[in-house]
Novice: 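One structure coming up, written as structure tokens, with questions to follow.
A note on names: the letters A, B, ... follow the listed sequences, proteins ahead of strands, and every chain is numbered from 1. We use all heavy atoms of the structure for the numbers below, so side chains are in, but hydrogens, waters and symmetry mates are not. Every value quoted in this text rests on a predicted model; they were computed, and no experiment measured them.
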Amino acid sequence: MNMTMRQQTPSLAQSAFENYRKELHQFLARRLPSPQDANDVVQEVFLRLLRLNRADLVRNPQAYLYGIASHVVREFHARAKRDRVTFDSQAVERRTDNPHHLWPDQLAEGLGLSRQIAAALAELPAMQQRVLLAEMRDGLSHEQIARELGLNRDTVRQYSARAMAFIRSRWNQCDGQD
Amino acid sequence: MDRKSPRERQDEQRLAERAAEWLSLLRTAGSAERAEFVDWAMESPRHLQEFFFATSIAAELRALDSSQLPQLRTSSNIGSANVVELPIQPSASIPSAPVPRHVRSTPWRWGLGLAAALALSVLGYWQFVPHWQTYATAVGEERAIDLPDGSNVHLNTRSRVQVRLAGRSRDIRLLEGEAIFKVEHDSARPFRVYSGPSVIQAIGTEFNVLRRPFGTTVSVIDGLVQISMEGGASTAPPSTTLSKGHQDETIPPISRLAAGEEARIDLSGHIERRVGNDVAAVAPWRHRRLNFRDDSLADIAAEFNRYNATPQIAVIGNTIRARRYTGSFDANDPNSLLAILRLDEDLALVSTGNELIVRAR
């Protein structure tokens, strides 16, 4: 019954898709550090991707990628029967909107991860930090960021990619494996 | 701990950067770039994995709460000298619709002051000169409106209300459609909803009003409301006219309803009451959930179509129509269903104008 939230949401369809994606990200964020799990999931997604019609894929690659991945993840989780699809967008919303509904271990993992990311972020040079937050958190385009920070677009692109790769490398180090 | 050669690390770094670049690029990519991305992603599972890594990091960053980042706020350890300090804190979010920012001059502060003064005077106007404010929703749209008094109006699809908050009363006209009113208690300012000739007065409560061509239905979710007709008598014995179903001999000019009760009021002021409703079942549209348990795709599509003008989902072919699914969806979001169907390799989804056809591939 979150009416004010609803009002702010630009489009319900959009937000549901976002939620759906959030759940996937949370899952991947938990699985990817474990090479075995990550490989299982990624291999399966990859195989299914190869079977898809390329034109469809090109039309909206991200939607297909996330779609397939969340399907695989769901099967991975529940070992659901074929032809039966179980999906609860409300559960997804609850879990993403209200961290208190998370299971304790999930919460701990989630916090650990965001702490890791926050720590890695803090190590970045100030400008890379800003570029990254402006893009990923505030949703600005490279063009807008370039204008905002007085950089040229190529620099923004470079900073963004470099900063992401840096966070990625920290992630690996924390597990001490790959 | 680190067993990797410098070469390996370099490759990893390059791959991670590439994945991050794709992630950024995809937000605005044209079809040529998307095709390139698909090629890249299908080249190796490693690429895919790295892309998923990037999306996960991006998702975490999006969810970052500034309060979690005390380190950022104080990070003044800027290495390079050619970095220009902006007057924003690193952790302060940059507005999503950036306005031209004059970093070194201050005239905008004047503008801001002026705008604030204007906003204040508008606020003053709002409080002292009550006027009617209109809110409306289109087909399929739903909207929640927070009123300045703390009350909330949740408009159902294709509905229209006018709101006037005055010093001594809060008046709402339901011109069309349906709405739930969640009323902030304020005994000095009665909250009244006018629907045709009927007046519904709230007594710290939550209730649904549906206006129809020949009458109004009021359902109370919580608290108490009092119904009267415009210009009608002000008091009458409550609860003497309680009846189940539709036979109702005495026509009271006024009536009270409690939680779970519902009344249908026709244009002449005849009130037909129903008691003993399950509160949870009142105004089901407010829940907007569609739950399916091994239901056929045909039924699921029909249900979604009731709630959404577009797309209208048509399922073709008996085998496909009979396929069974279990799930819980937001009724307003057919895309959540379609996203699931798209993954089914046996199905083809074809969009033609307002219609979306699901058939066997």
Side-chain angles (χ1 to χ4, degrees), chain A residues 3-4 6-7 12-13 16-17 20 22 25 28-29 32 38 42-43 45-46 49-50 54 57-58 61-62 67-68 71 84-90 113-114 117-118 121-122 125-127 129-130 132 134-142 144 148 150 157 160-162 164-165 167-169 176, chain B residues 1 12-13 16-17 20-21 24 26-28 31 34-35 37-38 41-42 45 48-49 52-64 68-69 71-72 75 78-79 83-84 86 90 93-94 96 98 143-144 146 152 154 289 323 325-330 332-333 335-336 339-340 342-343:
Chain A
M3 298 191 173
T4 38
R6 251 162 197 253
Q7 195 184 357
L12 286 173
F17 186 66
Y20 178 60
K22 257 189 249 168
H25 289 146
L28 288 172
L32 288 176
V42 173
Q43 286 289 351
V45 174
F46 187 74
L49 204 59
L50 296 180
R54 190 168 178 282
L57 205 52
V58 169
Q62 266 171 304
I68 296 169
H71 214 224
R84 293 285 154 91
V85 180
T86 303
F87 174 71
D88 186 342
S89 68
Q90 200 169 39
L113 179 66
S114 55
I117 285 184
L121 199 60
M127 217 40 157
Q129 244 178 49
R130 278 181 204 178
L132 198 63
E135 178 180 359
M136 299 303 175
R137 189 189 57 188
D138 306 328
L140 268 65
S141 70
H142 283 178
Q144 288 171 317
E148 196 66 43
R157 188 174 52 82
S160 160
R162 211 177 286 165
M164 287 286 282
I167 294 181
R168 164 74 174 93
S169 71
Chain B
M1 184 177 276
E12 262 174 22
Q13 159 102 6
E17 283 186 17
E21 276 173 7
S24 299
L26 280 180
R27 300 205 308 183
T28 54
S31 65
R34 290 198 304 268
F37 167 74
V38 166
M42 284 164 82
L48 207 56
Q49 176 165 10
F52 282 140
F53 251 118
T55 53
S56 292
I57 292 172
E60 286 294 327
L61 288 171
R62 198 176 317 140
L64 269 188
Q68 284 176 285
L69 302 172
Q71 315 96 305
L72 288 187
S75 68
I78 304 149
V83 173
V84 180
L86 289 177
S93 68
I94 296 172
S96 50
R143 192 176 163 197
D146 286 322
N152 180 287
H154 192 174
R289 298 295 305 170
R323 273 177 107 92
Y325 289 83
T326 296
S328 169
F329 299 86
D330 187 325
N332 295 327
D333 184 26
N335 284 333
S336 61
I340 297 283
R342 278 207 180 87
L343 300 174

Novice: Return the minimal non-hydrogen interatomic distance between Gln13(B) and Ala165(A), and the atom names on each side.
Specialist: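 For Gln13(B) and Ala165(A), the tightest heavy-atom pair comes out as O-CB, 3.9 Å.
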Novice: Which one of Pro45(B), Ala20(B), Ala58(B) has the most heavy-atom pairs closer than 4.5 Å to chain A?
Specialist: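 Top option by heavy-atom pairs under 4.5 Å: Pro45(B).
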Novice: For chain A, which candidate among Arg27(B), Arg342(B), Glu21(B) shows the most heavy-atom pairs at distances under 4.5 Å?
Specialist: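 Between Arg27(B), Arg342(B), Glu21(B), the count favours Arg27(B).
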Novice: Does any N or O in the side chain of Arg168(A) come within less than 3.5 Å of the main-chain N or O of Glu17(B), such that one atom is a donor and the other an acceptor?
Specialist: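 Answer holds: no.
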Novice: Closest approach of Ala41(B) and Phe46(A), non-hydrogen atoms and distance?
Specialist: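 Answer, listing the atom of Ala41(B) first, then Phe46(A): O-CE1, 3.4 Å.
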Novice: Using side-chain contact (heavy atoms from CB on, under 4.5 Å), reason through Thr28(B) and His142(A) one step at a time and then give a plain yes or no.
Specialist: CA-CA 10 Å; Thr28(B) 54; His142(A) 283 178; over 6 Å; no
Novice: CG of Leu57(A) to CZ of Phe37(B): how many Å apart, nearest 0.5 Å?
Specialist: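 The CZ atom of Phe37(B) is 8.5 Å from CG of Leu57(A), to the nearest 0.5 Å.
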Novice: Can you see which heavy atom on Met164(A) is nearest to which on Ala54(B), and at what distance?
Specialist: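 In this case the closest contact between Met164(A) and Ala54(B) is CE-O, 3.3 Å.
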Novice: If you take all heavy atoms of Phe52(B) and Val42(A), which pair is closest and at what distance?
Specialist: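 Shortest heavy-atom separation between Phe52(B) and Val42(A) comes out as CD1-CG2, 4.2 Å.
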Novice: Of all the heavy-atom pairs spanning Ser24(B) and Glu135(A), show the shortest one and how long it is.
Specialist: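 Closest pair (atom of Ser24(B), atom of Glu135(A), distance): OG-OE2, 2.5 Å.
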Novice: Write down the atom of Ser31(B), the atom of Val58(A), and the distance for their closest heavy-atom approach.
Specialist: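 Result for this residue pair: O-CG1, 3.7 Å.
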Novice: So, taking the atom named CG in Leu61(B) and the one named CG in Leu132(A), what distance separates them when rounded to the nearest 0.5 Å?
Specialist: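 Spacing of CG (Leu61(B)) from CG (Leu132(A)) equals 5.0 Å.
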